[in-house]
Amino acid sequence: MRLDTNKETSLYAIYRQLYEHYGEQGWWPVIEKCSDKDCVEGWESKYHPGCYKYPRNRREEFQICAGAILTQNTAWDNAAKALENLAAAEVLDAEKLVNAEEISVRNLIKPSGYYNIKSRKLKVFAKFYLALAGEVPTRQQLLNTWGIGPETADSIRLYAYNQPEMVVDAYTRRMLSFLGLVSSEISYNELKDYCCKNLPADTCLYQEFHALIVAHGKRYYTGKQYYEPVICRANSK
DNA sequence: AACCAGGACGTGA
DNA sequence: TCACGTCATGGT
């Protein structure tokens, strides 16, 4: 993948390059029952490129929220295993999570890491979710909830509730600072503002762009090797 | 065998 | 505000 690193390049142009190269990502992935034998506990996580009708129901809505918490600083595959375990135990549900023994939740979500903290976060969120009674949570409401920071709040609003809320993350900061568009020290909110001001305010675009940045970031901006001119090397050839 | 992953919180300056 | 330690499993 060769990104145009010209500083005149607009953020939207970067989005189009990534989209053309990687195609639709179909975020947020959703856990579904599967018939294969190699999937964990009869469930597996699937992306849905080409379909923007997710979440399809309130179960998936809650599942996306839970996944956003479980994947905090964690590889998605590990978070997905935790979700699959919860689904197999039939507790991937707000009411059941509120009533579940925390020790059992801990054991189910162990693969996602940080299981002591995340089990608490899940129970806190489940209670908050029930209190919403179907309403779309505001960003501030989410931020006021213990365990939910800016990225998780924006992920929940963008992917579980289809709100036009740009999500930025470590990959976004690495990529845009590497391309010289922002400072590597930029704060979450400033980075989000930069993206919003340079992109059309479109929910589907936000959903794809963040997913594309993660796909691209996993390849080129993982670890600390992005300090080396990975893409420039490609361009200079 | 280190190093990292789709962060957030608690603490002390 | 802000830098820093902590949380923890699984894949490479």
Side-chain angles (χ1 to χ4, degrees), chain A residues 15 18 22 24-31 38-41 44-49 54 63-86 102-103 105-125 128 139-160 165-177 183-192 195 206-228 230:
Chain A
Y15 163 75
L18 292 174
Y22 294 104
E24 289 185 15
Q25 300 299 298
W27 272 36
W28 190 279
V30 164
I31 303 298
D38 52 291
C39 58
V40 179
E41 302 294 333
E44 69 176 350
S45 88
K46 286 185 179 175
Y47 297 84
H48 46 87
Y54 285 76
Q63 182 200 123
I64 292 170
C65 298
I69 291 171
L70 288 169
T71 197
Q72 288 172 356
N73 199 38
T74 299
W76 173 252
D77 288 344
N78 289 351
K81 282 174 193 163
L83 276 181
E84 289 156 7
N85 289 342
L86 290 171
E102 195 161 329
I103 178 90
V105 177
R106 269 206 285 266
N107 288 329
L108 291 169
I109 68 170
K110 244 175 192 170
S112 74
Y114 308 118
Y115 53 85
N116 290 305
I117 290 179
K118 284 177 177 174
S119 60
R120 206 156 96 235
K121 288 182 178 179
L122 283 181
K123 286 182 79 73
V124 168
F125 179 80
F128 166 77
R139 185 169 196 266
Q140 195 55 50
Q141 279 181 308
L142 289 164
L143 291 176
N144 290 341
T145 304
W146 184 85
I148 301 190
E151 186 183 339
T152 307
D154 290 337
S155 294
I156 287 173
R157 278 177 54 79
L158 180 62
Y159 293 107
E165 201 87 68
M166 182 67 194
V167 177
V168 297
D169 66 342
Y171 287 134
T172 314
R173 183 177 293 100
R174 290 173 190 175
M175 183 177 86
L176 296 187
S177 65
S183 159
S184 62
E185 309 298 317
I186 193 171
S187 72
Y188 183 94
N189 288 329
E190 286 173 333
L191 182 56
K192 180 180 177 182
C195 291
Y206 286 169
Q207 291 179 338
E208 282 303 317
F209 196 17
H210 174 63
L212 287 164
I213 289 172
V214 172
H216 187 62
K218 280 179 177 173
R219 291 195 179 187
Y220 296 99
Y221 300 106
T222 191
K224 289 171 181 164
Q225 68 183 135
Y226 61 93
Y227 289 122
E228 301 171 14
V230 178

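In what follows, every chain begins at residue 1, and chains take the letters A, B, ... in the order their sequences are listed.
Every residue was checked against the salt bridge (charged side-chain N to carboxylate O under 4.0 Å, His left out) condition with A:R120, not counting sequence neighbours, and none meets it. Under the side chain to side chain contact (heavy atoms under 4.5 Å, CB included) criterion, A:L18 pairs with A:M1, A:L3, A:I14, A:Y22, A:M175, A:F209, A:L212, A:I213, A:H216, sequence neighbours left out. Contacts of A:Y115 classified as side chain to side chain contact (heavy atoms under 4.5 Å, CB included), with partners at least two apart in sequence or in another chain: A:R106, A:I109, A:K110.
Taking atom CD1 of residue A:I64 and atom P of nucleotide B:dG6, one finds them 18 Å apart after rounding to whole Å. To the nearest angstrom, P of B:dG7 lies 13 Å from CG of A:D154. Nucleotide B:dC4 holds its C1' atom 19 Å from the OH atom of A:Y220, rounded to whole Å. Between A:I213 atom CD1 and B:dA5 atom P there is a gap of 16 Å when expressed in whole angstrom units. Summarising the geometry, the separation between CG on A:L122 and P on B:dC9 is reported as 14 Å, rounded to the nearest angstrom. Between the C1' atom of B:dA5 and the CZ atom of A:R219 lies a distance of 17 Å, rounded to the nearest Å. Note: CZ (A:R173) to P (B:dG7) measures 10 Å, nearest angstrom. In this structure, CD1 of A:I156 is placed 17 Å from P of B:dG6, rounded to the nearest angstrom.
Within the 4.5 Å cutoff, the side chain of A:I186 has heavy atoms near those of the A:R173 side chain. Side-chain atoms of A:V105 and A:L108, non-hydrogen and from C-beta on, never get closer than 4.5 Å to each other. Contact annotation: the side chain of A:D154 never approaches that of A:M166 to less than 4.5 Å [non-hydrogen atoms, C-beta and beyond]. Considering only heavy atoms from C-beta on, A:H210 comes within 4.5 Å of A:Y159 through its side chain. Taking 4.5 Å as the limit, some side-chain heavy atom of A:F125 sits within range of a side-chain heavy atom of A:L142.
Taking 3.5 Å as the limit, the base of B:dG7 and the side chain of A:Y171 contain no donor-acceptor pair of atoms between them.
Taking the P atom of each, B:dC3 and C:dG5 are spaced 15 Å apart, rounded to whole Å. Taking the P atoms as reference points, C:dA8 lies 16 Å from B:dT11, given to the whole Å. Taking atom P in both B:dG6 and C:dC2, the straight-line distance is 27 Å, to the nearest Å.
Base engagement by A:Y47 is indicated by at least one non-hydrogen atom pair under 4.0 Å involving a base atom. Nucleic acid contact for A:I148: sugar-phosphate only, since backbone atoms but no base atoms lie under 4.0 Å from a heavy atom of the residue.
Sequence order on DNA chain B of the closest nucleotides to A:V214 and A:T145 puts A:V214 first from the 5' end. The residue among A:A68 and A:L143 whose nearest nucleotide of DNA chain B is located toward the 5' end is A:A68.
Of all heavy-atom pairs spanning A:I148 and A:A153, the tightest one is CG2-N, 3.6 Å. Listed here is the closest heavy atom pair of A:Q72 and A:K121: OE1-NZ, 2.7 Å.
For the segment residues 184-192 of chain A, no residue has any heavy atom less than 4.0 angstrom from an atom of DNA chain B.
For the pair A:E190 and A:K192, the salt-bridge criterion is not met [side-chain N within less than 4.0 Å of a carboxylate O].
Between B:dG7 and A:T71, no contact under 4.0 Å exists linking OP1 or OP2 to a side-chain N or O. For the pair A:R174 and B:dA5, the criterion of a side-chain N or O lying under 4.0 Å from OP1 or OP2 is met. Taking only side-chain nitrogens and oxygens, A:W146 comes nearer than 4.0 Å to OP1 or OP2 of B:dG10.
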Going 5' to 3' through nucleotides 4-11 of chain C and flagging B where a protein heavy-atom sits under 4.0 Å of the base, S where only the sugar-phosphate is that close, and - otherwise, we get ---BBBSS
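Ring pair A:W76/A:W28: centre-to-centre distance below 6.0 Å.
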Identify the pairs formed between an N or O of the protein and an N or O of nucleotides 11-13 of chain B at a distance under 3.5 Å, and give each distance.
none

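Without hydrogens or angle criteria, A:N78 side chain to A:T74 main chain gives no donor-acceptor distance under 3.5 Å.
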